[in-house]
Amino acid sequence: SYLARQLGTSADLAEATHAMNQLFTQRLVERLLVLSDGKAVGIAGLAYKPDTTVVEQSAGLAAAAALAKVGRTVFAFEPAGAVSGMQVPDGIEQCASLADLLASVDVLAITTPDPAFRLVPLQSRSRPGKLVVLDCWRMCEAQLKGREDVEYHAVGRNGDPVNNAL
């Protein structure tokens with residue numbers, strides 16, 4: 001939209017897409033704040049799409065930054081490789097693997113539809129209590145829904161219109 005303004009025209013579709021992406025990220029953060037009260041949060045996927053380390057404007061990085069800013073303990077994993085420290089705000093600890101991420105957190109948000117997140121290595125988890133999972137892409141429903149050791153939330157699927165505003 002910047003280029004369109006420079007050329008004296010509009011970019012309505014680009015601006016609407018940007019606004020919706022920002023709204024989604026805001027709602028993601030609100031939902032994670034409710035689910036993570038006093039708990040360590042893991043963000044699976046910092047890039048804006050699979051197979052890249054480009055994190056500019058990504059929901060995962062924005063959510064991680066917002067949670068860290070309000071004092072949550074935040075860990076993150078990006079399967080495409082470590083994201084430059086200059087791009088990751090203070091308060092977010094990057095993990096070397098999904099297993100390392102799971103070993104560190106009580107709440108997991110899957111924010112990128114990366115194939116690396118299709119199978120969550122639950123055996124890596126040693127923390128007490130249920131693992132709370134917010135699956136923004138419904139990638140793990142078959143594996144996780146209905147398990148005794150997992151509280152599974154799929155965006156658009158839990159039937160609660162108030163708490164499922166994503």
Side-chain angles (χ1 to χ4, degrees), residues 1-37 39-84 86-92 94-95 98 101 105 107-118 120 131-145 150-166:
S1 67
Y2 172 78
L3 178 60
R5 283 193 303 274
Q6 294 300 103
L7 296 173
T9 186
S10 67
D12 296 340
L13 182 58
E15 290 173 9
T17 300
H18 180 69
M20 289 306 298
N21 288 341
Q22 287 184 317
L23 180 61
F24 173 81
T25 301
Q26 177 186 340
R27 289 182 174 170
L28 173 63
V29 170
E30 290 169 359
R31 187 86 182 269
L32 286 171
L33 285 170
V34 170
L35 293 172
S36 70
D37 191 25
K39 299 174 182 173
V41 180
I43 303 293
L46 291 177
Y48 79 99
K49 68 178 189 175
D51 299 321
T52 182
T53 57
V54 176
V55 296
E56 184 180 352
Q57 301 293 321
S58 79
L61 185 61
L67 292 167
K69 187 174 182 177
V70 297
R72 292 295 196 272
T73 302
V74 181
F75 296 85
F77 170 64
E78 173 50 54
V83 177
S84 165
M86 292 176 58
Q87 295 175 293
V88 178
D90 290 339
I92 302 169
Q94 289 190 74
C95 296
L98 183 56
L101 180 66
V105 303
V107 178
L108 175 68
I110 300 171
T111 61
T112 306
D114 195 292
F117 305 140
R118 286 209 184 278
V120 177
L131 174 65
V132 178
V133 177
L134 179 57
D135 186 352
C136 296
W137 296 93
R138 299 181 215 138
M139 294 181 59
C140 302
E141 187 169 16
Q143 178 197 9
L144 302 179
K145 188 175 181 180
V150 175
E151 180 183 324
Y152 182 77
H153 301 265
V155 171
R157 288 266 174 113
N158 80 358
D160 181 346
V162 173
N163 292 318
N164 199 32
L166 285 180

Drop me the distance from F117's CZ to Q143's CD, to the nearest 0.5 angstrom.
13.0 Å
Answer with yes or no whether the side chains of Q26 and E30 bring together a donor and an acceptor at under 3.5 Å.
yes
What heavy-atom pair brings V132 and K39 nearest, and what distance separates the two atoms?
CG2-NZ, 4.4 Å
Taken to the nearest 0.5 Å, the spacing of D114 CG from D51 CG works out to 6.0 Å
For the residue pair L35 and H153, establish whether any side-chain heavy-atom pair is separated by less than 4.5 Å.
yes
Do you know the tightest heavy-atom contact between G60 and T111?
CA-OG1, 3.5 Å
With side chains defined as the heavy atoms from C-beta onward, is the minimum distance between I110 and L134 less than 4.5 Å?
no
CZ of R27 to CG of L32: how many Å apart, nearest 0.5 Å?
14.5 Å
Would you compute the distance between atom CZ of R5 and atom OG of S10 and round it to the nearest 0.5 angstrom?
10.5 Å
For the residue pair V120 and C140, what are the closest heavy atoms and their distance?
CG2-SG, 3.6 Å
Within the 4.5 Å heavy-atom criterion, are E15 and M20 side-chain neighbours or not?
no
By salt bridge (Lys or Arg N to Asp or Glu O under 4.0 Å) - contacts of E151 (at least two apart)
none
Sidechain-backbone polar pair: E78 side chain, L46 backbone, donor-acceptor under 3.5 Å
yes
Heavy-atom closest pair (F77 atom, C95 atom, distance to 0.1 Å) is CD1-O, 3.4 Å
Close side-chain approach of L33 and R72, heavy atoms under 4.5 Å
yes
Heavy-atom closest contact (A63 atom, L28 atom, distance)
CB-CD2, 3.8 Å
Side chains of L3 and L7 in contact at under 4.5 Å (non-hydrogen atoms)
yes
What are the two closest non-hydrogen atoms of T112 and P50, and how far apart are they?
CG2-N, 3.6 Å
Can you find a heavy atom in the side chain of V41 that is under 4.5 Å from one in the side chain of T73?
no
Under a 4.5 Å cut-off applied to non-hydrogen side-chain atoms, are Y152 and D135 in contact?
yes
Could you state the interatomic distance from CG (L61) to CD1 (I92), rounded to the nearest 0.5 Å?
5.5 Å
With a 4.5 Å limit on heavy-atom distance, are the side chains of L98 and P79 in contact?
no
